Amino acid sequence: MPELPEVEVTRLSFAPGIRGATIRSASLGKPLRWPLGIAPQQLVGQQVLGVRRRGKYLLIDLSEGLLLLHLGMSGSVIFASAQAEPGKHDHFDLHTSQGTLRLNDPRRFGAVVFASSQDDPEANKLLGRLGVEPLGEDFDGAAFYEGLQQRKTAIKQVLLAGEVVVGVGNIYASEALFIAGIRPTTRANRLSRPRVRKLQDAICTVLARAVEKGGSTLRDFSNAQGESGHFQLEAMVYARQGEPCRQCGTAIKSIKQGQRSTFFCPQCQKP
DNA sequence: CACGGATCCTGATGGC
DNA sequence: TGCCATCAGGATCCGT
């Protein structure tokens, strides 16, 4: 479900409501990808200072540390004043003076991890290898080009790895490469400066647009208010194998790269 | 150190 | 209330 736009839409939908709240209690369901790192009771009494995002991580700033939240493949968050008893796939509840934040994640690839302010939370291992923010000021052409020059792998997989630029998932990687006219199998270090520039613009455009639209609703994405993105992503290539390219009519192709599906137009996207 | 593959887990879908 | 294979929006870890 969540790539950067969905995570950002989630953040925007609950950050104002939870800011300033005091944590009353916290509870865990089944194990997620990583353990919380502390006993849930240790969160009690802490203040929620705000909510930021880094890549696909939600960073909840607390008075004594940082709560890192990742939605994995199937996670979603609800923030509401009254919550029913946790359901089968509800694996984390944060009860606060202003409402309950609940993580629902059927596949449990997501995580909630506490980083104490005693250990420099910003230096958390999970945040260490992340690339530049695509919607931030640091995403400039020169640095992006230099980053890609270091990689001989297919550009699609370099985007997904998140070590050069973060937040581009499987859907938006295919979409951005289509907009930029670049074949997903092209090796990253073989791209010319102008093509890298075009790709950079395409990534910004497609992600920013998706955030504006409230996240794509390819399946069942909804924000923390339970509102589904009232927008169906009009994908140019994603999941459109065999269908005509919206630009030239050529049949969209589907291939596997690193066990993930990739979609592209063999006519519009050049190696 | 850059790369490719295995791996975690549940649910939906489609072929037989 | 059939069973089985395949696939799904992520990303870390491990062997090479």
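Lettering follows sequence order; numbering is per chain, from 1. This structure is a prediction, so every number in the text was calculated from the model and none was measured.
- Of the candidate nucleotides C/dC13, C/dC7, C/dA11, C/dA11 has the atom lying nearest to any side-chain atom of A/Lys56.
- Contact check on A/Glu3 versus A/Lys56 returns no salt bridge, with no Lys/Arg side-chain nitrogen under 4.0 Å from an Asp/Glu carboxylate oxygen.
- Rounded to whole Å, the P atom of B/dC9 lies 23 Å from the corresponding atom of C/dC3.
- Using a 4.0 Å cutoff to heavy atoms of chain A, the contacted part of DNA chain B runs 5' to 3' from B/dC3 to B/dG11.
- The distance between atom CG of A/Leu68 and atom C1' of C/dA11, rounded to the nearest whole Å, is 14 Å.
- Between A/Arg260 atom CZ and C/dT12 atom P the separation is 13 Å, expressed in whole Å.
- Closest-nucleotide positions on DNA chain C for A/Leu130 and A/Asn170 were compared, and the one nearer the 5' end corresponds to A/Asn170.
- The distance from the OG1 atom of A/Thr205 to the CD atom of A/Glu175 is 12.5 Å, given to the nearest 0.5 Å.
- For C/dG10, neither phosphate oxygen OP1 nor OP2 lies less than 4.0 angstrom from any side-chain nitrogen or oxygen of A/Tyr172.
- Here the closest heavy-atom approach between residue A/Leu199 and residue A/Ala180 is recorded as CA-CB, 3.7 Å.
- Under 4.0 Å is where a charged nitrogen must lie from a carboxylate oxygen, and between A/Glu8 and A/Arg11 at least one such pair does.
- Stem regions annotated for DNA chain C: B:2-8 with C:10-16, B:10-16 with C:2-8, counting only runs of 3 or more consecutive pairs of Watson-Crick or G-U type with both contacts under 3.5 Å.
- Taking 4.5 Å as the limit, every side-chain heavy atom of A/Val158 sits out of range of all side-chain heavy atoms of A/Gln150.
- Per the stacking criterion (ring centres < 5.5 Å, plane angle < 30°), A/Phe109 stacks onto the base of C/dG10.
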